[in-house]
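See structure below.
Residues: numbered from 1 along the sequence shown. Every number for a ligand or one of its atoms is a count from 1 in the order of the listing.
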Amino acid sequence: MTAGHSLLARFAALDSATVSDALDARGLPPGQGGLRPMWGTPKVTGFARTIALEPLTGEHGGSHILTDAIAEAGPEDLLVVANGGRTDVSSWGGIVSVGASVRGVRGVVTDGACRDVEQARELGFPVFARARVPVTARGRLRQRSSGEPVSLGGVTVGPGDVVLADEGGVVVVPRERAAEVLEAAERLAEREAAIEAEVRAGVPLPDAMRDARLAGTEATR
Ligand SMILES: O=C([O-])CC(=O)C(=O)O
Ligand SMILES: [Mg+2]
């Protein structure tokens, strides 16, 4: 297992809420909602491979958007597509799901809409998006950049940043802070597990769930 794989596996044992709390405690942008799994309840972690889209003006006859980035992507990657939150046109589809699956890519988070959800579901390929829409990107969108920092709902995602997406939302952890945020999130998860165990054992909720023990307080940093 590579160091990257084991880092991602440790993040995968957590969830977006706990990692969001660890980001909050460091003054980093917390997680965000509104980006939902388009089928099922997958949880996915990966290193961001970024692509930015923009409206197409004029003619475009080349390769489909996203395809060059997907062709270079691999099994530790999670694609992050920036399309400014647009939901009137698809920024992800079924053939690109096939292409990404073939490369072993872990999934995609798109700040926009997707189509061909059935194909993604049949492939077991996780797609997180803001909406579903049947309208093709062809003739409507073009690729502005690949491998550059992008905005995901106003949060900057750089290539190689750690992204965790689950049914609760999406968190982005800057690569250079990943080890520190991971350790803090693991401590928070342990704390919460201890509180839950007390509640199950009959400790009254107001006693078990005190400020000093929860995220957002000095004790948890
Ligand atoms: O035309 C599009 O927007 C892309 C598409 O459906 C696919 O990848 O299958
Ligand atoms: Mg299609």
So which heavy atom on V171 is nearest to which on G31, and how close? CG1-CA, 3.6 Å
Please could you name the atoms of ligand 1 that A137 approaches to less than 4.0 Å, counting only its heavy atoms? 2 (C), 3 (O)
Salt bridge between R177 and E180, side-chain N to carboxylate O under 4.0 Å? yes
One should read off an interatomic distance between I70 CD1 and L79 CG, to the nearest 0.5 angstrom, of 5.5 Å
Can you check which of I70, I95, V89 brings a heavy atom nearest to atom 9 (O) of ligand 1? I95
Quick one: does D116 get an N or O within less than 3.5 Å of an N or O on ligand 1? yes
For G94, atoms of ligand 1 separated by under 4.0 Å from a heavy atom: 7 (C), 8 (O), 9 (O)
Among all protein heavy atoms in this structure, tell me which lies nearest to atom 2 (C) of ligand 1, with the distance rounded to 0.1 Å. T136 OG1, 3.2 Å
Positive for salt bridge (Lys or Arg N to Asp or Glu O under 4.0 Å) with E54, one of R144, R140, R86: R144
Of all N, O or S atoms in D116, identify the one at the shortest distance from the Mg ion (ligand 2). OD2
What do you reckon, does Q119 put a non-hydrogen atom under 4.0 Å from ligand 1? no
Do the side chains of D166 and K43 get close enough for a salt bridge, i.e. N-O under 4.0 angstrom? no
Search all heavy atoms of T2 against all heavy atoms of E76 and return the closest pair with its distance. OG1-OE2, 2.6 Å
When distances are taken from atom 4 (C) of ligand 1, the protein heavy atom at minimum range is H64 NE2, 3.5 Å
R36 atom CZ: more than 12 heavy-atom contacts under 6.0 Å: no
Quick one: does R138 get an N or O within less than 3.5 Å of an N or O on ligand 1? no
